[in-house]
Structure formats: C-alpha cells, structure tokens
Peer 1: 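Pasting a structure below so you can have a look.
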Amino acid sequence: LDALCELLLPADESGPGAREAGVAAYIDLTLHYSPENQRALWRSGLAAVEALAQAEFGRGFLSCDGGQQ
C-alpha cells in the first residue's frame, strides 16, 4: 500500500509525497475502524494490483521496476 500510494502521490518540488505524509498509515487506521465490507474492498483491490503485476510481468508489484508499476 505504501509503494502504491507513493507512486500515485510522489514527492516533488512542491512538497512531500504520500510516504512522507503518512498516507498509507492514515488509510490503515481508517480501515481499522471501517466496516468489514470496506476492508474487504481494499484487500480485493490490492490483490487485483498484485494479480495484474503477476500476469503482466511474472512477478509481484513490489518486485516490478518503476515503469512496470
């Protein structure tokens, strides 16, 4: 989740990225108190990203290079 958030909101000259801003921790905390169906949606979404990386590149999302991610 942290790598995916940073990919979507990278640090640049205008400010920090998702990692520095603690976006993944915020999402994790929010989901901790969310209904199970919301947590299940996030898990299935992350699993879909992982499955797509496996299908397209034969490895997990975190093992893909920046261009593949």
Peer 1: Mind listing the closest non-hydrogen atom pair of Cys5 and Ala18 along with its distance?
Peer 2: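 Result for this residue pair: O-CB, 3.4 Å.
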Peer 1: For a quick test of reading the model, state the closest non-hydrogen atom pair linking Ala53 to Gly60 and the distance between them.
Peer 2: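 Ala53 and Gly60 have their closest heavy atoms at CB-C, 3.9 Å.
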Peer 1: Is the backbone of Ala11 close enough, under 3.5 Å, to the side chain of Glu20 for a donor and an acceptor to pair up by distance?
Peer 2: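 Not a single qualifying donor-acceptor pair exists.
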Peer 1: Could you tell me which non-hydrogen atom of Ser44 sits nearest to which non-hydrogen atom of Leu41, and how far apart they are?
Peer 2: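 Scanning both residues, the minimum pair turns out to be OG-O, 3.0 Å.
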Peer 1: With distance as the sole test, does Arg59 use its side chain to make a donor-acceptor pair with the main-chain N or O of Gln54 at under 3.5 Å?
Peer 2: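 Answer holds: no.
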Peer 1: How long is the span from the CD atom in Glu50 to the CG atom in Leu4, to the nearest 0.5 Å?
Peer 2: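 One finds 10.5 Å between CD of Glu50 and CG of Leu4.
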Peer 1: Rounded at 0.5 Å granularity, tell me how far CG in Leu1 sits from CG in Leu46.
Peer 2: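 With rounding to 0.5 Å, CG (Leu1) is 6.0 Å from CG (Leu46).
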Peer 1: Hey, what else clusters with Tyr33 if you join Ile, Leu, Val, Met, Phe, Trp, Tyr whenever side-chain heavy atoms sit under 4.5 Å?
Peer 2: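 Same cluster as Tyr33: Leu29.
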Peer 1: Is Glu36 salt-bridged to Arg43, cutoff N-O under 4.0 Å?
Peer 2: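 Looking at Glu36 and Arg43, the cut-off is met.
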Peer 1: Nearest 0.5 Å, please: how far is CG in Leu31 from CD in Gln38?
Peer 2: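 Going from the CD atom of Gln38 to the CG atom of Leu31 covers 7.5 Å.
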Peer 1: Check for me, please, whether Phe57 and Val49 land in the same ILVMFWY cluster - side-chain distances under 4.5 Å, paths through other members count.
Peer 2: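 They do not share one cluster, since no chain of ILVMFWY contacts under 4.5 Å joins Phe57 to Val49.
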Peer 1: Restricting to non-hydrogen atoms, name the atom on Arg19 and the atom on Glu6 that form the minimum distance, rounded to 0.1 Å.
Peer 2: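 Taking Arg19 first and Glu6 second, the nearest heavy atoms are N-OE1, 2.6 Å.
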